[in-house]
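Here's the structure we're looking at; comments come further down.
Everything numeric in this text was worked out from a predicted model, so none of it was measured. Naming convention: chains lettered A, B, ... in sequence-line order (proteins, then strands); numbering from 1 in each chain.
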2 protein chains.
Amino acid sequence: MSKKKGDKKAKSGKKKDLEGLSAADLAPAITQAARSMRTLLSRSLGETGLYAGQDGVILMLAEEDGLTPGQLALRLGVKAPTMTRTIGRMEAQGFLERRADGMDGRLTKVHLTETGLQSVEQIGRSVADCGSLAAKGLSDKEVRTLLKLLRTIEHNLQPALTED
Amino acid sequence: MSKKKGDKKAKSGKKKDLEGLSAADLAPAITQAARSMRTLLSRSLGETGLYAGQDGVILMLAEEDGLTPGQLALRLGVKAPTMTRTIGRMEAQGFLERRADGMDGRLTKVHLTETGLQSVEQIGRSVADCGSLAAKGLSDKEVRTLLKLLRTIEHNLQPALTED
DNA sequence: GCACGGAATTAAATTGTTTATTTAAAATTT
DNA sequence: AAATTTTAAATAAACAATTTAATTCCGTGC
């Protein structure tokens, strides 16, 4: 029995050695890229006292302050309990604060503190720098292609994660 | 002052609405795709009793049994301590076992158990299925393009994570 | 008045990283 | 050749993100 990879057709050896690769290799590839990205971003963020995962919360609140944990979780693609924990830590660290909603007692609204606001710029820079380093050698068009493909994947996966 | 996004040139609105996107959006996009992938894979793997992150260990050992924790960590793109703990849990779960190396007292070799071997096929299927679902609607060429771009990113990030 | 649903939280399990410790092999020095 | 230093591999401990499952609390409707 032959191996699973590398014996498809050996078409013409034109481009690179991506011959036997297919959708089955997607999960590992994305996982690994994300891990590297996360580690690098974490280090870059380290100076601000933030962790990778918290950056999105700050940036989202910078765009629209006073979001609820549920709204933040939804927009950042994370489950609610994750957001609760992250918000808790960030509140303890002084980046944001929770305020009860006057109208609806079930809601909590999250607001950036002065410290949080001051960190926005540097966080944006770290995220952008990380992306730039990752995209080194790629044309703008290639970057947009990559983003488009990632968006497609996300779009394909979303329903499977929501349904039950 | 204008916003940072969406006012580049508005070139011609040809393709989609990817106008203002650039490298700065890479980190969030990859992170989110990886999260979705991981969650879906985790659910698919749930029946075998495995967690996302453990699948790679099994598949790697299926290709080459008796690797050391360090080799596994290197090949799976994870730090050594992560591998040590994961191996420990998987050993407790009965999927693999550690054996001391006779030659070099520092080395530990990791071997699949019968249970581990039996899980290989289903894990491979889960990973592949997850990739297939993610790639739904994409041509083979697009998938290969995506893999190539991810590989480039990984290649760009690697040095920054190793150096120090 | 009481049941149902939604929002937030808590609890438990795991991967992941960084920093620091242990133990064994290699290299260097005396 | 013996002792000391250095390097390498595995592990331990501490901290954060993430998910699922279960709980609590509040608002609405029957």
Is A/H111 atom NE2 crowded by more than 12 heavy atoms from other residues, nucleotides or ligands, each under 6.0 Å away?
yes
Any base atoms under 4.0 Å from B/P81, or only sugar-phosphate, or nothing? Heavy atoms, all strands.
base
Looking for any heavy atom pair under 4.0 Å, which part of the strands does A/R85 touch: base, sugar-phosphate only, or nothing?
base
Donor-acceptor side-chain pairing of B/E97 and B/T113 below 3.5 angstrom
no
Any base atoms under 4.0 Å from A/T108, or only sugar-phosphate, or nothing? Heavy atoms, all strands.
sugar-phosphate
Rounding to an integer number of Å, can you tell me how far A/L76 CG sits from D/dT19 P?
11 Å
Pick base, sugar-phosphate or nothing for B/R89, based on heavy-atom distances below 4.0 Å to the nucleic acid.
base
Between P on D/dT18 and CZ on A/R35, what's the gap in Å once rounded to a whole number?
14 Å
Contacts of A/R38 and A/G70 projected onto DNA chain C by closest heavy atom; the upstream (5') one is A/G70
Quick one: B/L107 CG to D/dA8 P, roughly how many Å, whole number?
13 Å
At 4.0 Å (heavy atoms only), tell me whether B/M90 reaches a base, stays on the sugar-phosphate, or touches nothing.
nothing
If only atom types and distance count, is the side chain of B/S44 paired as donor or acceptor with the main-chain N or O of B/L40 below 3.5 Å?
no
Starting from the 5' end of DNA chain D, give me the residue, A/Y51 or A/G102, whose nearest nucleotide shows up first.
A/Y51
Rounded to whole Å, please give me the gap between CG in A/L72 and C1' in D/dA17.
16 Å
Electrostatic pair A/R35-B/E154, nearest N-O below 4.0 angstrom:
no
Is the phosphate of D/dA17, meaning OP1 or OP2, less than 4.0 Å from a side-chain N or O of A/T82?
no
Could you check B/A80 against A/R106 and say which one's nearest nucleotide on DNA chain D is further toward the 5' end?
B/A80
With a 4.0 Å limit, can you tell me whether B/R98 has a side-chain N or O closer than that to the phosphate oxygens OP1/OP2 of D/dA10?
no
Under 4.0 angstrom, heavy atoms only, what part of the nucleic acid is B/T86 near: base, sugar-phosphate, or nothing?
sugar-phosphate
Once you apply a heavy-atom cut-off of 4.0 Å, does B/T68 come out as touching a base, just sugar-phosphate, or nothing?
sugar-phosphate
How close or far is atom C1' of D/dT19 from atom CD of B/Q54, stated in whole angstroms?
14 Å
Check: B/A128 main-chain N/O paired with B/S132 side-chain donor or acceptor under 3.5 Å
yes
Regarding B/T48 and B/Q122, is there a side-chain donor-to-acceptor distance under 3.5 Å anywhere?
no
Given D/dA16, D/dG27, D/dT20, the nucleotide with the shortest approach to the side chain of A/K79:
D/dT20
Roughly, in whole Å, what's the span from CG in B/D101 to C1' in D/dA9?
11 Å
Is there a donor-acceptor pair under 3.5 Å between the side chain of B/D65 and the backbone N or O of B/L112?
yes
Under 4.0 Å from any heavy atom of chain B: name the first and the last nucleotide of DNA chain C that qualifies, 5' to 3'.
C/dA13 to C/dA25
In whole Å, what is the span from the CE atom of B/M37 to the P atom of D/dT19?
15 Å
Let's see if you can work this out: which of D/dT11, D/dT19, D/dC26 has an atom nearest to the side-chain heavy atoms of B/T84?
D/dT11
Please determine whether a side-chain nitrogen of the Lys or Arg among A/R75 and A/E64 lies less than 4.0 Å from a carboxylate oxygen of the Asp or Glu.
yes
